[in-house]
Structure formats: structure tokens, C-alpha cells
Amino acid sequence: MFTSNVGQGATALALETLTSTGSSVTVEELNHEHEAEVLAFLAKRPVHTVFLAGFILDNGLTSRLNRGTFYSCRDGQGNLEGVALIGHFILVEARSERALAAFARLAQGCQSTHMILGEMEKVQKFWSYFSQAGRAPRHICRELLLEQQVAIEPLEPVRGLRQATPDDLKIVLPVYAEGVFEESGINPLEADPAGFHQRWLRRIQQGRVWVWTENERLIFNADIVSETPDAIYLEGIYVNPDERGKGYGVRSLSQLSRGLLEKVKSLCLLLNERNKEVAVFYEKAGFKLSAYYDTIFLHTKN
């Protein structure tokens, strides 16, 4: 966990460096009193901030469930220039390069960071500052942010599509773990079995996992990882390999999307740019390219 002591030391470094350029910013740890202000700041770009806002709406600004600490970056008049979550993940919404630089230098003190995720240009700029401390990436992925705002025409309904129950965990957890391993090279069932189980159980209990099963076989799966009043981020979309090519995935995803778009303006998801065939699947389901993202996986020191 990224502690406040580390944060305080890094904040002083960020201030000193930026003041030498003629303009200073202040980096501070956030608490529950700042929640409304931060959510209003993030709501100006709801799709790109769906992760940060989702953590806050689910857990509050200060919670061990965030697996990190929220920080603000303010100009000399106290106006927000950026918000960041620094810990297991690094997620940053910055409206200026000096805010990116301040957060990057702050994050250099966090040795437990597993992943940096964000828009390609911002992540590359963040990395130019962050890597000055000698950190090297373990793995880098270029990803496509796909977005849907209008549901496609209704297809043949999937009668078996339903919200998952805790009893489904035994058949979905291995699928989730395989997906994480393919993307990051780490098997969470080996690295953190208890935590991985608990996080996905909580998601099921929140009503955010949809499945289609037959005789305890998983046909289709999709999860809401993050939800705000404006956007929903989907992940874990899976079609059983033995059932692919039959239209089951497009029917299931489009049916789910239609219902979710009655609540929010946008649905979004990330796809590794190497997965050309999967990109065609999402296009059929109504998703379009919105932006390019980078994910940088790091070596960790717990």
C-alpha cells in the first residue's frame, strides 16, 4: 500500500521541481471532504475518468478497497489541475503537463505499483517523468478504447442471460484468471488467490456480472468493472471457445448493452490492439474506436 509518509516526501520534491520553472502546484492527499469536488472534476470527461470515478463512487476517496491513495494537484489559486490514484494501479486525470509531472514524481516512491493505465499520449508523457527514477517496464500493451452510445437493432433474444450469483464463481473465476494472465503475464490465482476471489465475489454481489450458462458450462460472461452516472466500463467479456462463430456473443453483448444504455450515455471497454478478430466482434455489437490507450506493467516490490 502506498503510505501517506511516502506521499508527503514526494510532494515536496514535486513542488520544488515545478517552482523552478516559474509556476508551482500543490499535491495533497485527498479525503472524504473533497469527494463532491473531485467527482465534478472527473465528470467533465466521463469516459476517460470512468475508472477513477468508479472507485470513488464504490468505495469513497479513502478505502483499502481502492488499493492505493487518491491525490489532488492544485494551482496557486487552489483550482484542481489533476486527480490521481497511486498504489497497485496508477490512474491519472491531469489537465496540465505540470500536474502529470508532479504525480509522476510522487509515484516514483511507490514500489508496489503493478500497472499504469491511461490515454496513450498522457501515459507516454507521465512515463518520461516517472522513469527518471530508474524504473523499467515489465510489459507494455497498446490498447483500443472502444465506445458505444447507441444500441444496435435488437437481435434474437438470449433467454438464458442473467446476473450471476455466488454459486457461479467456481466456473467464472478460472476464466477471469486466464484473461488476466494473457494480458499481464501474472496468474492472480497463484499471486493473490484470496484477494482475487474476494474482489470478484464482491462484483457478483454488486449485481455487476452477467452470465449465460448451460449445465454448469459458461457460454457467455460480461462484467461491469466501473459505473458512473454517465459511463459504464465493461470487462471480462467471454464466449466459450466451443460456441464461437454461432452469433451467441454478439446476441448476448448487444442485449446487455441495450439494457445498460437505458441508464448511462456511454459504454466502453479496452481491447489489446493485436486482437483483430475480437475487434470485428465488438464492431458487430455496436462498439467503435474512441481512443488509444497504453498499459504499462511494472516489476513490483511489496
Side-chain angles (χ1 to χ4, degrees), residues 1-2 4 7 27-74 79-95 99 103 107 113-119 122 145-149 163-164 166 176 195-210 222-237 256-270 290-291 293 295:
M1 182 63 68
F2 191 64
S4 57
V27 177
E28 296 178 330
E29 187 172 328
L30 290 163
N31 59 51
H32 68 279
E33 296 177 356
H34 304 108
E35 189 167 305
E37 178 193 20
V38 170
L39 288 173
F41 176 83
L42 297 175
K44 295 177 181 178
R45 293 191 344 121
V47 172
H48 295 293
T49 62
V50 66
F51 304 107
L52 287 166
F55 272 115
I56 297 168
L57 291 169
D58 282 349
N59 310 321
L61 274 169
T62 56
S63 170
R64 62 177 180 78
L65 296 173
N66 293 330
R67 306 177 79 188
T69 303
F70 274 96
Y71 292 90
S72 65
C73 181
R74 300 181 186 274
N79 301 310
L80 274 177
E81 284 195 15
V83 172
L85 175 62
I86 299 175
H88 183 76
F89 312 104
I90 293 178
L91 303 169
V92 176
E93 172 65 0
R95 306 286 164 78
F103 286 139
T113 298
H114 166 67
M115 181 181 76
I116 302 169
L117 170 66
E119 295 160 88
K122 289 187 177 182
L145 179 71
L146 305 181
E147 184 180 0
Q148 183 179 20
Q149 295 183 335
Q163 287 182 306
Y176 298 149
F196 191 66
H197 181 280
Q198 188 58 41
R199 287 190 292 276
W200 285 100
L201 175 60
R202 183 183 184 223
R203 192 168 294 170
I204 287 176
Q205 292 171 335
Q206 289 173 313
R208 292 184 172 178
V209 179
W210 276 264
D223 317 305
I224 289 179
V225 173
S226 190
E227 180 174 359
T228 75
D230 292 311
I232 283 176
Y233 175 74
L234 295 170
E235 199 173 82
I237 296 172
L256 175 60
S257 297
R258 179 169 293 277
L260 295 178
L261 284 170
E262 294 177 355
K263 301 194 302 177
V264 297
K265 299 175 183 178
S266 295
L267 307 179
C268 57
L269 55 88
L270 287 172
S290 177
Y293 268 51
T295 303

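None of these values were measured; they are calculated from a predicted model.
For the residue pair Tyr293/His48, the side-chain donor-acceptor check at 3.5 Å is satisfied. Side-chain contact check for Glu147 and Ser266: at least one donor-acceptor pair (N or O, by modelled atom type) lies under 3.5 Å.
A pairwise comparison of heavy atoms in Cys268 and Val50 identifies SG-CG1, 4.1 Å as the closest pair. Looking at every heavy atom in both residues, Val83 comes nearest to Leu42 through CB-CD2, 4.3 Å. Of all heavy-atom pairs between Ala53 and Thr228, the closest is CB-CG2, 3.7 Å. A pairwise comparison of heavy atoms in Asn31 and Thr62 identifies CA-CG2, 3.9 Å as the closest pair. Residue Ala231 comes nearest to Pro46 through the heavy atom pair CB-O, 3.9 Å, listed as atom of the first residue, atom of the second, then distance. Closest of all the heavy-atom pairs between Pro229 and Val264 is O-CG1, 3.8 Å.
Ion pairing between Lys44 and Glu93 fails under the 4.0 Å rule for side-chain N and carboxylate O. For Asp58 and Arg208, the salt-bridge test passes: some basic side-chain N is under 4.0 Å from an acidic carboxylate O.
Between Gln206 and Gln163 the shortest side-chain heavy-atom distance does not fall below 4.5 Å. Within the 4.5 Å cutoff, no side-chain heavy atoms of Met115 are placed close to those of Ile90. By the 4.5 Å heavy-atom criterion applied to side chains, Val225 and Arg203 are counted as neighbours. Contact of the Val38 side chain with the Ser72 side chain is not registered, since no non-hydrogen atoms from C-beta on lie closer than 4.5 Å. Counting heavy atoms from C-beta outward, Leu57 and Glu227 have side chains that stay 4.5 Å or more apart. At least one side-chain heavy atom of Ile224 sits less than 4.5 Å from a side-chain heavy atom of Leu234. Using a 4.5 Å cut-off on side-chain heavy atoms (C-beta onward), Leu146 and Leu270 make no contact. Taking 4.5 Å as the limit, some side-chain heavy atom of Leu261 sits within range of a side-chain heavy atom of Gln148.
Of the candidates Tyr176, Trp200, Trp210, Tyr176 is the only one forming a side-chain hydrogen bond (donor to acceptor under 3.5 Å, both in side chains) with Asp223.
Distance check, rounded to the nearest 0.5 Å: CD1 of Ile56 to CG of Asn66 gives 7.5 Å. Separation of atoms CG (Leu85) and NE2 (His88) is listed at 10.5 Å; rounding is to 0.5 Å. Leu269 CG to Ser257 OG: the interatomic distance, rounded to the nearest 0.5 Å, is 8.5 Å. We find the CZ-CG distance between Phe89 and Leu117 to be 9.0 Å, quoted to the nearest 0.5 Å.
Using cut-offs of 30° and 60° on the angle between ring planes, the pair Phe70 and Phe55 is perpendicular.
Lys122 places a side-chain N or O within donor-acceptor distance of the main-chain N or O of Ala94, the cut-off being under 3.5 Å.
Taking the six-membered ring for Trp and the full ring otherwise, Tyr71 and Phe103 have centroids separated by 6.0 Å or more.
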Exercise for the section: Go through the steps to decide whether Arg199 and Arg67 satisfy the test side-chain contact (heavy atoms from CB on, under 4.5 Å), and finish with yes or no. Expected result: CA-CA 11 Å; Arg199 287 190 292 276; Arg67 306 177 79 188; 3.4 Å; yes

Handout entry: side-chain contact (heavy atoms from CB on, under 4.5 Å) evaluation trace for Glu35 with Leu61
Key = CA-CA 7 Å; Glu35 189 167 305; Leu61 274 169; 4.1 Å; yes

Exercise for the section: Begin with the C-alpha distance, continue with both residues' side-chain angles, and end with the deciding distance and a verdict on salt bridge (Lys or Arg N to Asp or Glu O under 4.0 Å) for Arg74 and Glu37. Expected result: CA-CA 12 Å; Arg74 300 181 186 274; Glu37 178 193 20; 2.8 Å; yes

Exercise for the section: Give the intermediate values and the outcome of side-chain contact (heavy atoms from CB on, under 4.5 Å) for residues Leu145 and Val47. Expected result: CA-CA 9 Å; Leu145 179 71; Val47 172; 3.8 Å; yes

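Under a cutoff of 6.0 Å and an axis angle of 45°, Arg95 and Phe41 form a cation-pi pair.
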